[in-house]
There are 2 protein chains.
Amino acid sequence: MSQTKQGLAFTPLYRQVRDMLVQRLIDGAWTPGSMIPSEFQLAAELGVSQGTVRKALDAMTAEHLLVRRQGRGTFVALPEESRILFQFFRLIADDGTRIFPESRVMDRQLAPASADERALLGLGIDEAVWRIDRVRSLGGTPVISEQITLPAIRFEGLAAMETIPNNVYALYSEHFGITIGKATEKLKAGAADARTAARLGCTAGDPLLVIERLATALDDTPVEHRVSYCRTANFHYRLDL
Amino acid sequence: MSQTKQGLAFTPLYRQVRDMLVQRLIDGAWTPGSMIPSEFQLAAELGVSQGTVRKALDAMTAEHLLVRRQGRGTFVALPEESRILFQFFRLIADDGTRIFPESRVMDRQLAPASADERALLGLGIDEAVWRIDRVRSLGGTPVISEQITLPAIRFEGLAAMETIPNNVYALYSEHFGITIGKATEKLKAGAADARTAARLGCTAGDPLLVIERLATALDDTPVEHRVSYCRTANFHYRLDL
DNA sequence: AAGTGGTCTAGACCACTAA
DNA sequence: TAGTGGTCTAGACCACTTC
């Protein structure tokens, strides 16, 4: 647990500790929902001070990987609705209400990956993908039509599943051992095509908010590509700068 | 610099220090670009430890209020292009390039505030606002049409100004002593009206990304309301989750 | 009462910058 | 060489939760 500080590749100790602890999440040594050892235990085990462990744990808390509760302990974050709502789902009713959307799966297919999909998900030439097509409703009204693409190799049991639950990040975690760590979104305005318009109860050509998301696992490998077409008549995408 | 820790209104010491230092920015005791005292000097002056001052300064750095440079010192952040580009301007070329937009002011008016404007900017019944209408271009092509609304009382010298510079946050800071601290954005999809379409070189009815921003000063009072209509044919709004 | 995270302190040493 | 921020340590006490 020591390192010469000169040279161009200096990594602070708290960062090394953070990386080691994230590795435990990747390896599944610490599972979602479980309590991890206390700061002092980790400090003793790793041979660093408690303050250094704290700095690593604080960083992981900021990444939403851990949840700390005074008096109780530190826990591995769960992909529960409240967390998704806070971290990943930014569509909010115009009156400020936050609701978790319901989903209706329209289609699910296993197919060879297109060139675009291979590039986005880092797949080889012969790899396949799952494509999930669903409609999401907020307060009973269909608002989002979205297509999700997953690398087939990481979701091998998916064919056997009867239904796909509403919270897919909980599915990835519980059934496939994949934790989504980060995601990048690109937003554009687009026009509704006939099929999407029919789904969302609007007219073809109506403007839609188009959200393209690439989500990565804890090891920063791409896991999910998603394009969402959103009717923003009564909802908006909110962001603090 | 001490406080009983029981009771419901406990505020950590580093937070109190942070608030005191932000007050110096509000009061203008520390001006943008200037170097502030070292951690040890502040600690001695405020009667707290250097570690507590550091935690306050780190928080302010995270808020983009300060810039720290190892070996040089800690400086009050400037509303310079690079900072705006990083913190406030999220429209990026599809190839990933970040450019600072040029602006062309189409109109500037002083008028009584509408009911909506009064509500958004926290104004009284007889207050006036400035309305600035401009077109912004990226790499020579007009991409954004936006309307900015400012409380007239906070921008009294604006009538005398010949031109309005491209970087309005630098203007607010340098000419009116107002530092924008935070902003909230609401994104929707909308259709171009005839005037906006003519400005942006598209067709009326084309989908546009509509960004509504409310920016607040360091003391959390609203300062600027802005609605931007963006053509996203070759650009997108990017965000990390 | 015991164990946890949250705060605060004091001091050491390293790395970077400028004079 | 002096001064700055960046990292790391060791230890104290407080607040919250559970038993």
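So that the names make sense, note that chain A is the first sequence line, chain B the second, and so on, each numbered from 1. Reckoned from all heavy atoms, side chains included, excluding hydrogens, waters and symmetry mates.
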Could you give the [atom1]-to-[atom2] distance, from [X] to [N], as a whole number of Å?
X     : N      : atom1 : atom2 : value
B:F40 : C:dT9  : CZ    : P     : 13 Å
A:M35 : D:dC16 : CE    : C1'   : 14 Å
A:M60 : C:dG5  : CE    : C1'   : 16 Å
B:L13 : D:dA12 : CG    : C1'   : 15 Å
B:Q50 : D:dT9  : CD    : C1'   : 13 Å
B:L57 : D:dT4  : CG    : P     : 13 Å
B:R15 : D:dC14 : CZ    : P     : 24 Å
A:L42 : D:dC8  : CG    : P     : 16 Å

Does [X] put a side-chain nitrogen or oxygen below 4.0 Å from OP1 or OP2 of [N]?
X     : N      : result
B:S49 : C:dC8  : no
A:R69 : D:dC16 : no
B:R72 : C:dC16 : no
A:K55 : D:dT7  : yes
A:T74 : C:dT4  : no
A:S38 : C:dG3  : no
A:R68 : C:dT4  : no

Under the side-chain contact (heavy atoms from CB on, under 4.5 Å) test, residues paired with A:F100 that sit two or more places apart:
A:E81, A:I84, A:L85, A:R136, A:N166, A:N167
Could you list the residues that satisfy side-chain contact (heavy atoms from CB on, under 4.5 Å) with B:A217, not counting sequence neighbours?
B:R154, B:I178, B:D219, B:T221, B:V223
Polar pair under 3.5 Å, donor/acceptor by atom type, side chain A:R54, base C:dG6
yes
Can you find a heavy atom in the side chain of B:V76 that is under 4.5 Å from one in the side chain of B:I36?
yes
Do A:L187 and B:T232 come close enough that some side-chain heavy atom pair is under 4.5 Å?
no
By the 4.0 Å heavy-atom rule, please label B:Y14 as base, sugar-phosphate, or nothing.
sugar-phosphate
Ring centers of A:Y237, B:Y237 separated by less than 6.0 Å:
no
Starting at the 5' end of DNA chain D, which residue's closest nucleotide do you reach first, A:V53 or B:E39?
B:E39
